[in-house]
Amino acid sequence: MKIVSTVKELTAIREELKGSVGFVATMGAMHNGHLSLIRQARIQNDTVVVSIFVNPTQFLPNEDYEKYPRREEADLKICTLAGVDILFMPTCEEMYAKTEPEILAPKNLAYILEGSSRPGHFDGVLRIVLKLLNLVRPTNAYFGKKDAQQLYLIQNMVKTLFINTNIIPCDIVRESDGLALSSRNIYLGEKDRVQALALSIALKNASQAIMKGEREAKKIELIMLESLQDLKVDYAKALSRNFEAKEQIIVKETILLIAAFVGNTRLIDNLWI
Ligand code: AMP
């Protein structure tokens with residue numbers, strides 16, 4: 001595995017690559033969710049490129065940028081064992097100039113749900129993903145459904161800016177008890193860890209109600225809220241897969257989305273119905 005920290009070196013290596021390139025963008029502190037993306041990339045491509053970069057522009061001033069878990073040594077081991085060919089670990093100075101064009105996520109999509117609590121977050125996400133896609137020029141780029149709104153915005157950016165990369169959505173990896181894996185789960189204390197299960201339980205209860213025939217979005221949202229009553233809920237929504245509110249749920253066209261605080265930790269989860 002080649003470890004690369006400069007744009008210059010990555011560009012030179014990319015020039016020489018033949019065949020398909022699979023790319024996984026991460027902020028490190030890797031878990032089996034990241035690993036599942038890397039594995040899929042490994043199976044489907046000649047070369048696998050992974051980036052680790054805790055991107056400052058996607059954190060709001062009051063968020064956990066400084067505190068965000070950094071696990072360089074463990075991440076290196078995971079990437080080596082997973083057969084990653086090129087690991088790109090740039091500094092902020094390498095990725096950002098003092099003056100550069102602004103990238104703004106579409107207002108209607110970027111300021112609802114995650115974007116409503118985290119205004120500007122998706123501007124930062126699209127800015128770094130665009131830079132990384134321009135550098136790596138991957139054939140296929142792998143993103144988790146765990147960050148469903150992020151995935152949708154990236155798909156929209158790639159399509160509308162005519163970027164020549166296939167965006168491959170990857171299933172959410174969960175603990176055996178249902179908790180969706182997240183680098184932020186390490187913030188959870190013992191009691192929080194139990195409470196955090198409410199998110200996946202809420203999604204399961206809602207999906208069971210849908211399977212039994214309930215189609216009213218508002219009722220499904222109430223079912224989720226009931227399961228989340230011990231948590232501070234940010235949102236619990238049943239939306240179309242293009243993130244529009246609909247009165248009636250249509251199976252195979254719906255996504256259930258939750259964000260809630262467990263203690264001070266904000267967790268998200270979703271289920272594609
Ligand atoms: P992050 O390091 O949090 O920026 O995540 C890097 C990539 O891993 C993103 O595409 C995430 O959606 C994806 N990811 C994070 N958690 C999971 C999970 N539990 N299952 C699948 N993919 C995930």
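Remember, it's 1-based here, ligands and their atoms both numbered in the order they're listed.
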Sorted by chain and residue number, the side-chain hydrogen bond (donor to acceptor under 3.5 Å, both in side chains) partners of S240 (sequence neighbours excluded) come out as N242

Please name all residues satisfying side-chain contact (heavy atoms from CB on, under 4.5 Å) with T160, sequence neighbours left out, ordered by chain then number. N156

From the options E216, E214, E221, select the one residue that forms a salt bridge (Lys or Arg N to Asp or Glu O under 4.0 Å) with K218. E221

Does R118 count as lying over the ring of Y235, i.e. NZ or CZ under 6.0 Å from the six-ring centre, within 45 degrees of the axis? no

With hydrogens left out, which residues have an atom under 4.0 Å from ligand 1, given that only heavy atoms count? A25, T26, M27, H31, G33, H34, L37, Y68, F143, G144, K146, D147, D171, I172, V173, L181

With a cut-off of 3.5 Å and sequence neighbours excluded, list every side-chain donor-acceptor pair involving residues 146-153.
{"residue": "Q149", "atom": "OE1", "partner": "E114", "partner atom": "N", "Å": "3.1"}
{"residue": "Q149", "atom": "NE2", "partner": "L109", "partner atom": "O", "Å": "2.7"}
{"residue": "Q149", "atom": "NE2", "partner": "I112", "partner atom": "O", "Å": "2.9"}

Please tell me whether N45 and Y142 have a donor and an acceptor in their side chains that are separated by less than 3.5 angstrom. yes

